[in-house]
Structures are given as structure tokens and as C-alpha cells.
Amino acid sequence: MDQFKRQPRLPKFAVPKRYDIRIKPDLTACKFAGTVSIHVDIVADTKFLVLNAADLTISSVSFTPSSSSSTVLNPTKIDLVEEDEILVLEFAETLPRALGALTIGFEGTLNDKMKGFYRSTYEHNGEKKNMAVTQFEPADARRCFPCWDEPACKATFKITLDVPSDLVALSNMPIVEEKVEGPLKTVSYQESPIMSTYLVAIVVGLFDYVEDHTSDGIKVRVYGQVGKADQGKFALHVAVKTLVLYKEYFGVPYSLPKLDMIAIPDFAAGAMENYGLVTYRETALLYDEKHSAAANKQRVATVVAHELAHQWFGNLVTMEWWTHLWLNEGFATWVSYLATDSLFPGWKIWTQFLDESTEGLRLDGLAESHPIEVEINHAGEIDEIFDAISYRKGASVIRMLQSYLGAEPFQPKTLGARQPPSGLQFAQRLLKSLAAYIKKHACSNAKTEDLWAALEEGTGEPVNMLMNSWTKQMGYPVVSVTLNDQKLVLEQTQFLSSGAQGNGQWIVPITLCCSSYDLHKNFLLQKESELFDVKELLGCSVAENKSAWIKLNVDQAGFYRVKYDDDLAARLRNAIEKKQLSAIDRYGILDDSFALCMAGKQSLTSLITLMSAYREEEEYTVLSNLIAISLKVARIATDATPQLLDNLKLFFVSLFQNMAEKLGWEPKQGESHLDSMLRGEILSALAVFGHELTIEEAIKRFYAFLDDRNTPLLPPDIRKAAYVAVMRRVTSSNRSGYEALLRLYRETDLSQEKTRILGSLPCCKDTTIISEVLNFLLTPEVRSQDVVFGLAVGSEGRETAWLWLKDNWEHISKTWGSGFLITRFVSAIVSPFASLEKANEVSEFFATRSKPAIARTLKQSLERVRINANWVQSIKNEKQLADAVTELAYRKY
């Protein structure tokens with residue numbers, strides 16, 4: 001018995017082939033009962049059967065060998081090992097090596113933890129009701145029925161449900177039979193193809209739907225709560241088009257007869273790719289023409305494209321173990337950008353992909369990061385790797401490989417307006433190899449090495465050698481560039497946000513150009529450093545020409561940072577002002593400079609001087625990052641140089657005013673999707689930086705909206721900005737704006753509007769109100785999935801939030817502790833601090849309260865606090881900063 005405890009994987013002496021599952025959920029008592037008959041192949045001598053089960057009561061167990069259907073073997077011992085979530089069945093004799101049927105009766109609770117088989121609440125005709133929903137990834141099918149709950153244990157599934165006859169009951173496959181008997185009906189579904197347990201899905205509740213078909217006859221439906229189905233039309237359009245695109249990309253058609261997508265009111269993640277029945281948060285699937293913002297529309301498109309990519313990457317071909325999770329998530333993220341770019345070319349989605357890369361770079365700059373391929377030794381560790389490494393670094397290294405494999409010479413247009421090569425143009429060779437990989441491993445499992453082998457075969461390139469340094473070790477390099485007398489020196493070292501010395505080494509795909517995108521070079525940097533003659537390398541001379549420049553990592557295709565010497569950095573700043581660089585490269589130079597500043601490798605003075613070159617910037621993605629960096633600089637300045645804060649804010653306002661005036665407050669006829677998104681972000685930033693005219697105008701429009709919900713004065717794209725402005729003015733003696741926002745929150749049934757309001761409430765400067773906001777988050781009025789939106793307090797509220805977290809930790813741990821959302825509480829509240837004393841205080845508090853689910857996040861958050869503390873010290877030591885800030889704040893243009 002003991003040999004099965006504390007093991008990362010189940011023993012391999014039995015292999016499940018088919019599950020016959022029958023479940024009867026009771027939505028009133030919030031319980032369920034069922035039986036599962038598992039066709040098992042016994043492949044080694046054993047007296048034991050060991051499978052997964054958790055939070056279930058086992059009512060009966062029997063095993064019938066197929067060689068003798070009259071022989072029924074009952075286990076002599078049944079052990080449910082709670083801490084390992086396993087069910088150990090011991091039999092009197094060795095089981096025959098052959099197929100057999102393991103039949104288990106079980107009961108469980110429809111929990112409120114948004115995992116396993118759980119309940120979600122909704123209102124219908126003013127009455128509160130429950131629906132039953134499954135969320136099994138990564139390891140929670142075991143909470144619904146006993147099973148071999150590992151991705152490699154693929155089987156077919158035949159599901160039957162006994163449910164109230166007035167409800168809709170959905171599963172992965174189409175219904176084959178429905179028998180109504182009074183208040184109950186029995187619904188039987190087609191047997192599924194071979195798949196992993198984490199992809200099984202059941203949803204039971206009251207729903208409406210909209211429907212369409214793909215050109216090859218696949219029925220696609222989007223389900224929502226009664227009265228919300230029309231909000232599914234945009235997602236339906238995206239899904240139908242995307243299925244056709246993916247069939248073309250992967251050379252394999254979608255493998256099921258139907259695809260259902262359904263919006264669930266209580267849902268912990270963004271969405272879940274269950275085979276044939278994809279579940280979503282309402283905010284990621286529903287789009288309301290009147291009340292959703294452009295950013296909401298984009299979110300729906302990219303999430304739908306991501307989940308449908310999983311129908312191939314993940315569902316048809318599944319990672320062998322969670323170590324290879326990135327094969328699912330990295331690829332689905334990358335492919336979703338290909339699809340979205342194809343459907344909505346005006347969104348410039350590959351430029352926006354930089355946000356994915358940046359998130360990956362930020363997390364992977366920590367010493368407490370992890371490799372893309374990460375060892376998993378216990379089911380409790382899996383949740384924490386659904387992070388920016390698996391998704392964003394995963395997608396970014398694929399984009400880097402795509403760029404390297406498909407590096408056709410760039411086709412430059414005019415310098416300032418150069419467009420990056422289209423995602424698809426670069427991706428053709430990669431997609432062809434992926435199609436071969438999918439065909440070879442369909443209905444099976446794969447490891448990272450299998451993918452590299454397919455790509456090597458398809459491209460003839462040494463993919464395995466190139467990529468191992470990026471997936472098997474954590475971190476990434478910073479490439480330092482220095483120019484002396486036409487000699488260019490490139491040197492790679494590991495980049496760490498702490499400024500510490502790392503020891504990794506990578507095979508780095510280098511792209512660089514000189515003063516023009518026509519003069520460029522691609523090669524691999526395989527040593528720690530290399531020396532080049534610029535004239536020989538690029539055919540250009542830099543030293544004699546004062547306006548010449550060199551840009552490394554063209555189009556930011558590589559997952560690394562670049563540090564230029566002072567002269568090269570000044571030349572690039574000049575090129576930015578003259579609009580000689582693409583938007584992607586302008587973004588990259590800014591982001592690298594910010595990261596280097598935080599790591600103490602560059603002064604804040606040089607960063608804000610670079611930022612001043614972006615005053616004429618008009619590109620959404622670049623400005624969005626400029627806003628994010630400005631907010632972070634303002635926050636660190638609060639701790640480092642509070643006396644400079646007012647002037648810093650004046651400077652930031654002057655950076656954004658130009659574009660704010662161009663965009664105005666109201667949408668213009670035929671304006672771009674990106675301008676619609678930018679307007680709200682810029683106005684929010686101006687409100688946070690205390691720009692009086694913006695705040696006054698926003699408040700005026702907010703009160704017009706309170707009087708008339710249909711006023712054109714507050715379109716959805718600027719609502720968040722108005723709500724932020726309102727909260728900036730709220731104090732404990734002037735509460736009317738806060739109370740008005742709470743009224744709005746209570747009256748809307750649109751999830752996107754609720755999260756907009758929740759995200760605005762913590763922008764208040766008054767700590768009494770912040771305390772009230774945080775307590776409001778813990779009331780039944782806020783769905784537990786949404787609480788994390790209200791945690792982003794400003795510098796004024798950090799201490800209040802930390803005290804609140806400590807006071808409520810027991811409740812928070814009990815409510816959210818079994819899922820990944822608890823990590824958001826820790827990172828949101830701990831990471832913004834900037835003193836070593838606070839890091840010690842936090843460590844002390846969690847010394848007796850940590851658990852495996854938050855261990856990695858806690859270490860990362862404490863590392864961020866220490867990085868901030870070091871950053872504060874290096875800023876305090878800057879001699880020229882005060883003069884530079886004053887000059888930039890009052891500079892006349």
C-alpha cells in the first residue's frame with residue numbers, strides 16, 4: 001500500500017481503454033451520484049488497481065475479467081488516500097493479464113470552488129438557480145468520477161446524464177438519445193474519440209443559444225444564460241471562420257461532429273478547451289454591441305481562437321505529462337495570433353503580440369522563474385505553471401523560431417511606415433511541419449522532442465540544438481552592444497531583474513540592421529561574445545555619420561533584451577524622434593530600457609530622457625506600454641524621490657496630452673479599432689496622473705450617464721477612464737461617486753461592466769474607502785472569480801491592502817485556496833512593496849501559512865519586493881535626476 005503514496009505518477013500496470021459514465025446531479029441539494037464502468041487492460045502482474053479519486057464517497061467496487069463475465073472480483077481492501085488523491089484497490093489474488101471491467105459507484109458534492117464538478121449560480125425570472133459545470137484541467141476529473149487522471153491515459157468516454165427535464169444538458173459529444181420520464185430525463189451522448197480525462201465536460205442548466213455551420217457542415221453553437229444568447233453572435237462568427245482556418249493550417253479537419261461554446265457565470269480561468277464543449281467566462285465569450293468596449297471585442301476574438309487551437313494542440317495531440325504543458329499553451333497562444341491576424345488585419349495583432357513577450361520577459365527575469373519544461377512532482381504543483389512562462393514565453397520562443405526558420409529577406413516599405421512581415425508569410429514552413437506532427441501524433445501524446453523532430457524533418461534546420469537552450473533552462477540573455485572604431489562587440493549574459501549575475505548561455509538568433517531596414521543581417525550568436533567589423537557585416541559606416549544607427553533584434557522577434565552603449569542609445573533615441581523605426585522596434589527599445597533601469601543597469605535619468613522621444617507617438621501598442629511604464633515609474637518614485645513626483649506627473653501628462661487631444665472624447669466615424677482602445681487607456685492615465693481638465697470632463701460625463709444610460713457622452717471605450725476619474729476624487733467625506741459606482745455595479749448584469757467597475761474602485765487615494773472596497777470584494781455581491789479585479793490598489797493603499805490580507809487570510813485561504821486564484825491575492829498585494837523590511841515582514845507572516853499552491857508565487861512576489869527596494873536605492877543615488885525631471889516637466893515644444 002505504502003509504495004503508492006507520495007508518487008508523482010500512477011503505476012502503469014493497468015491501462016484504461018473506455019469509460020462508461022452515468023451521473024445524476026441534484027441541483028437543489030448540490031450533490032451528485034453516479035457509476036463508472038472502466039474497461040481496463042491489465043498489462044502486468046498485480047493484486048492492486050490504483051487510480052485517482054478525490055472528494056468522493058465510494059459506495060461500491062467490483063472487477064469483472066473479460067475472460068469470465070460470470071466471475072466478479074471484489075477488492076479485499078479499499079483505500080482512499082486523501083493527500084495523494086488516489087484510490088487503492090487491493091484484491092485477494094493476482095488479476096489476470098487481460099481486459100476487464102472495473103465498476104465503481106460513487107457520490108460527491110457540487111462544490112463552490114470552480115473546479116471538479118461544481119455549481120455556478122444565476123438568476124432566472126428573479127429566482128436564484130444553480131447550474132452544474134465541470135472544470136477538470138489540470139487534475140480535477142477525479143473530483144467527478146474515479147479515473148486514471150493523467151494526460152497520457154487516453155480513453156474513449158460514453159456519458160449518460162439523469163437531469164431535470166426542463167434543463168439543457170451538454171457534454172463533449174452530440175446527444176444520441178433523450179428519454180423524458182416526468183420531471184427527469186435521461187440523456188445519452190455519442191461515444192467520444194480517444195481523449196484525456198481533463199477534457200471531459202458536462203454542463204447542466206437553463207440556456208439559450210445561437211447557431212451556425214462551417215462550410216464543411218460542423219454545427220457550431222454559442223450558449224449563454226437565457227436572454228444573453230445574442231451576445232454570442234460575434235464569438236460564433238469568429239469560431240466558424242477559425243475552424244476553417246485551422247483545417248487549412250494543420251491539414252487535418254476538426255475531428256468532432258459539433259462544437260459548443262458556453263458562457264459560465266462563475267469560472268476561475270478565462271476559458272477551457274474541453275473537446276467539443278468549450279467553457280468560458282462570460283467576459284471572454286459574450287460581446288454586447290451597445291455596452292462592450294473594443295478591448296472586450298478583441299479579448300473575445302483572441303480567446304476563442306486560442307481555445308479552438310487547442311482542439312488540435314492539446315485535444316487531438318496531447319502533452320505526455322504536465323512538464324510539456326507549454327506544447328499546449330505556447331502553441332495555442334501563437335496560433336491564436338495567426339488566426340486573429342487573418343480575420344482582423346486592421347488590429348495589427350502581431351504588434352500587440354509584444355505584450356505577450358513582455359509578460360514572459362518580466363516573469364523570466366526573476367531568479368524564481370522556471371524553465372519552459374518544468375518538472376512536476378505532485379498534482380498540487382501543476383496549477384502554478386499555468387503562467388506567463390508556459391503561455392507567453394512558450395509562444396514567444398515559437399515566434400522566434402518562426403522568424404529564424406522563415407527568415408526571408410525583409411521587404412521594406414518606406415522607413416517610417418515599415419510594416420512587419422505578416423505572421424502567415426513567415427509561418428508557412430512552420431505550419432507544414434506542424435501538420436506533419438499533428439498527423440503523426442493524432443489521438444496520442446507527445447513530448448517537446450517529438451515536435452522538434454518534426455520541425456527538423458520539415459525544415460532541415462537544427463531545431464533541437466537551437467531550442468533546447470530556450471526550453472530546458474530558465475531565463476534569457478541580455479545582449480550588450482558596443483561600437484569602437486567600426487568594431488561591433490556583441491556579448492551575452494543572463495538578464496536578471498535584480499541586476500545579479502546569472503550564468504546561463506543561449507544560442508541567440510541575432511537580427512540587426514543599420515540605418516535602414518534594407519541593410520540587415522541574421523546569424524546565430526553561440527559564444528559569450530563576438531567581434532565584427534560593421535563595414536564587412538552590414539556594408540555601412542556608423543562612426544562618421546552622426547545620424548546613423550544600429551538596431552538589434554529587429555521586429556523584437558527574439559526572446560532577449562538588448563543593452564546599447566551610450567552613443568548607440570543616443571542615436572536610436574534620435575531615430576525614434578525622426579520616426580525612422582517601426583512601431584515594434586520603438587516598443588522594444590523602450591521596454592528593454594525600462595527593464596535595464598529596474599535592474600540598476602541604466603539610470604532613471606536616461607530612461608525618462610528616452611521616454612521624452614515618444615511625445616509624438618501615435619501607435620496604440622507603443623503608447624499602451626509607455627503608459628504602463630509611466631505608471632510603474634511614478635509608483636517607484638513615490639518611494640525613492642517623493643519630492644519629484646509632482647514634476648514627474650507633469651512630464652507624463654505632457655507625453656500623453658498630444659494624442660489625447662487628437663483622439664478627443666468621442667469615437668469618430670470609421671476610426672480604427674486601435675484608436676478606440678487607446679482613447680480609454682490614455683484618458684485613464686491622465687486621470688491617474690491628476691490632470692484636472694480630464695478629471696473634470698470625465699466626472700461631468702459620468703453624471704450624464706447616471707441620468708441617462710443611453711447617453712452618447714459615455715461610450716463603453718471610455719467608461720473605465722470615467723470611473724477611475726470619479727474614484728480619484730472620492731474621499732470618506734465625499735463618497736457620492738463611490739456610492740454611484742456601487743449602484744451601477746448592482747444594476748448591471750453585464751460581466752464586462754462589473755469587472756470595469758471593480759477595476760476602478762481601488763484607484764481611490766483615501767485609505768478608509770480602500771478598506772471599504774476590499775471588504776466589499778469579500779461579500780456575496782462579488783463573484784469569487786472577480787475578486788482579483790479589485791486588488792490593484794495604488795501606492796496610497798498598499799499598507800491598507802496588506803493589513804486586510806493578513807486579517808482575512810484564513811477566509812481567503814479557505815475560499816480560494818484550492819485553485820490558482822489565491823496566487824493573485826499574494827502577487828497583487830505583496831509585489832508592489834519596495835523595502836527589505838516589508839519583504840521580511842511578509843516572509844515571517846507566511847512562514848507558517850504557505851502551501852504548495854502559492855509557494856512559487858510567494859517566492860516570486862518577495863523577489864519583486866527586493867528588486868523594487870534595490871531600484872529605490874539606485875534612484876536615490878542619481879545626481880542628475882532632479883534637474884532632468886524639472887527640465888522635462890517644463891520643456892516647451
With a 4.5 Å cut-off on side-chain heavy atoms, are Glu696 and Ile699 touching? no
Per the ring pair (Phe, Tyr, Trp, His ring centres under 6.0 Å) rule, what does the pair list look like for residues 642-687, sequence neighbours excluded? Trp347-His673, Phe652-Phe689
Crowded around Gln880 CD? As in, over 12 foreign heavy atoms under 6.0 Å? no
Looking at Lys806 and Glu841, is any side-chain nitrogen of the basic one under 4.0 Å from a carboxylate oxygen of the acidic one? yes
Got a donor-acceptor contact below 3.5 angstrom from the Asn553 side chain to the Gly558 backbone? yes
Begin from the C-alpha positions of Tyr564 and Asp592 and carry the test side-chain hydrogen bond (donor to acceptor under 3.5 Å, both in side chains) through to its verdict. CA-CA 10 Å; Tyr564 298 94; Asp592 286 350; over 6 Å; no
Note, Glu359 side chain near Ile389 side chain (heavy atom, < 4.5 Å): no
Qualifying residues under side chain to side chain donor-acceptor pair (under 3.5 Å), relative to Glu781, sequence neighbours excluded: Arg746
Has the side chain of Glu863 got a donor or acceptor atom that lies under 3.5 Å from a matching backbone atom of Glu368? yes
What residues form a ring-ring contact (aromatic ring centres under 6.0 Å, His included) with Tyr391, not counting sequence neighbours? His306
Basic-acidic side-chain contact under 4.0 Å: Arg729, Glu692: yes
Applying ring pair (Phe, Tyr, Trp, His ring centres under 6.0 Å) as the test, list every pair that has at least one member in residues 578-611; sequence neighbours left out. Phe594-Trp871
By ring-ring contact (aromatic ring centres under 6.0 Å, His included) - contacts of Phe705 (at least two apart): none
Tyr745: ring-ring contact (aromatic ring centres under 6.0 Å, His included) partners, not counting sequence neighbours: Phe776
Pairs touching residues 625-639 that satisfy side chain to side chain donor-acceptor pair (under 3.5 Å), sequence neighbours left out: Asp591-Asn625, Asp639-Arg798
Side-chain heavy atoms of Lys579 within contact of Arg586, under 4.5 Å: no
Are the side chain of Thr641 and the backbone of Leu644 linked by a donor-acceptor contact shorter than 3.5 Å? no
For a 4.5 angstrom cut-off between non-hydrogen side-chain atoms, does Val842 reach Leu858? yes
Filter on ring pair (Phe, Tyr, Trp, His ring centres under 6.0 Å), then keep only pairs touching residues 630-650, sequence neighbours left out; what's left? none
What are the two closest heavy atoms between Leu714 and Arg719, and how far apart are they? O-NE, 3.0 Å
Regarding Glu666 and Arg701, does a basic nitrogen lie under 4.0 Å from an acidic carboxylate oxygen? yes
side-chain contact (heavy atoms from CB on, under 4.5 Å) against Lys563, all qualifying residues, sequence neighbours excluded: Val478, Ser480, Leu596, Lys601
Does anything in residues 668-681 form a salt bridge (charged side-chain N to carboxylate O under 4.0 Å, His left out)? List the pairs, not counting sequence neighbours. Glu671-Arg679
Residue pair Arg735, Glu772: steps toward the salt bridge (Lys or Arg N to Asp or Glu O under 4.0 Å) verdict: CA-CA 11 Å; Arg735 307 167 49 88; Glu772 278 187 45; 2.7 Å; yes
For residues 604-613, which residue pairs qualify under side chain to side chain donor-acceptor pair (under 3.5 Å), counting only residues two or more places apart or in two chains? Gln602-Ser606, Ser603-Ser606, Thr605-Glu878
Among side-chain atoms of Asn775 and Trp804, is any donor-acceptor pair under 3.5 angstrom? yes
Who pairs with Ser861 by side-chain contact (heavy atoms from CB on, under 4.5 Å), at least two apart in sequence or on another chain? Val826, Ser827, Val830, Ser831, Thr857
